Amino acid sequence: MTEGLQANYMVAVAEQISFVSAFLGGVSATILFTVIIFISDKRLVAFLIALSALSACSLLVSVISGWRLTIGLHPNLPFTPDPEKIEMLWNFLIAGYGLGVNSLILSIGLSGWIRSYRTGAITSAIAALSILIFATTSIY
């Protein structure tokens with residue numbers, strides 16, 4: 001998949017996705033901690049905790065992959081990196097970002113159901129629209 005992509009392009013993408021992923025990972029962690037503190041026997045709360053943890057961890061994988069990719073593609077790196085590892089980092093960068101953003105949107109969409117049916121329907125509809133936009137505008 002990385003064949004034909006220039007190193008400077010990959011670095012620019014890695015830097016941007018790393019920045020966004022770091023920010024969104026913080027949001028995911030905040031939601032996770034808030035939901036954990038919120039005591040409820042509802043099954044939905046356990047599901048929200050799992051989704052928030054998935055989001056935070058996926059975005060963290062994306063950030064770390066982006067940093068490593070940026071380092072590995074630096075023109076002054078004193079050795080030539082293994083192309084397979086560059087490919088793997090690129091795939092983890094993209095996959096971690098996609099999984100993290102989608103699970104964050106899902107957790108936001110489902111969070112309204114804790115309050116009421118009406119709020120849940122509204123937040124779920126907004127989340128569904130967001131995921132649709134995210135998925136259809138992706139270039140990967």
Side-chain angles (χ1 to χ4, degrees):
M1 178 168 149
T2 58
E3 289 181 30
L5 294 179
Q6 299 294 317
N8 59 352
Y9 170 79
M10 293 174 72
V11 167
V13 170
E15 289 172 350
Q16 290 299 311
I17 290 180
S18 293
F19 173 75
V20 172
S21 295
F23 172 75
L24 293 177
V27 170
S28 299
T30 302
I31 292 172
L32 174 62
F33 297 134
T34 302
V35 172
I36 288 173
I37 291 170
F38 177 73
I39 307 275
S40 175
D41 292 337
K42 290 185 177 181
R43 190 178 213 177
L44 181 59
V45 172
F47 192 63
L48 284 174
I49 290 170
L51 271 176
S52 295
L54 176 63
S55 178
C57 290
S58 296
L59 290 164
L60 185 59
V61 165
S62 181
V63 169
I64 293 170
S65 297
W67 289 343
R68 289 178 175 175
L69 193 57
T70 301
I71 291 166
L73 294 174
H74 193 277
N76 295 329
L77 189 68
F79 58 90
T80 303
D82 181 358
E84 288 181 11
K85 289 186 179 178
I86 296 296
E87 176 89 22
M88 181 180 66
L89 288 171
W90 178 259
N91 290 334
F92 282 149
L93 172 75
I94 301 300
Y97 177 71
L99 183 60
V101 169
N102 281 310
S103 56
L104 175 59
I105 293 171
L106 274 174
S107 65
I108 292 169
L110 292 177
S111 66
W113 292 98
I114 293 173
R115 176 159 310 261
S116 70
Y117 176 83
R118 179 184 163 113
T119 306
I122 292 168
T123 58
S124 292
I126 293 168
L129 179 62
S130 298
I131 287 175
L132 179 66
I133 290 168
F134 183 78
T136 58
T137 60
S138 177
I139 59 172
Y140 289 101

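Quick caveat: nothing in here was measured; it's all calculated off a predicted structure.
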Do you know which two heavy atoms are closest between [X] and [Y], and how far apart they sit?
X: Gly120; Y: Trp113; answer: O-NE1, 3.2 Å
X: Ala14; Y: Gly66; answer: CB-O, 3.7 Å
X: Pro81; Y: Gly72; answer: CG-O, 3.1 Å

Gap separating the [atom1] atom of [X] from the [atom2] atom of [Y], nearest 0.5 angstrom:
X: Ile114; Y: Thr119; atom1: CD1; atom2: OG1; result: 11.0 Å
X: Leu73; Y: Trp90; atom1: CG; atom2: CH2; result: 9.5 Å
X: Ser111; Y: Leu44; atom1: OG; atom2: CG; result: 8.5 Å
X: Ser55; Y: Leu99; atom1: OG; atom2: CG; result: 8.0 Å
X: Glu87; Y: Leu89; atom1: CD; atom2: CG; result: 10.0 Å
X: Ser21; Y: Leu93; atom1: OG; atom2: CG; result: 7.0 Å

Does the side chain of Asn102 come within less than 4.5 Å of Leu106's, by heavy atoms?
no
May I ask you to test the Leu69-Ser65 pair for a side-chain heavy-atom distance under 4.5 Å?
no
Between Thr123 and Leu110 (side chain of the first, backbone of the second, donor and acceptor by atom type, cut-off under 3.5 Å), is there such a pair?
no
Applying a strict under-4.5 Å side-chain criterion to I, L, V, M, F, W and Y, I'd like to know whether [X] and [Y] cluster together.
X: Met88; Y: Val11; answer: no
X: Leu60; Y: Phe19; answer: no
X: Val63; Y: Leu104; answer: no
X: Leu54; Y: Tyr97; answer: no
X: Trp67; Y: Met10; answer: no

Counting only heavy atoms not in Phe134 (residues, nucleotides, ligands), do more than 12 fall under 6.0 Å from its CZ?
yes
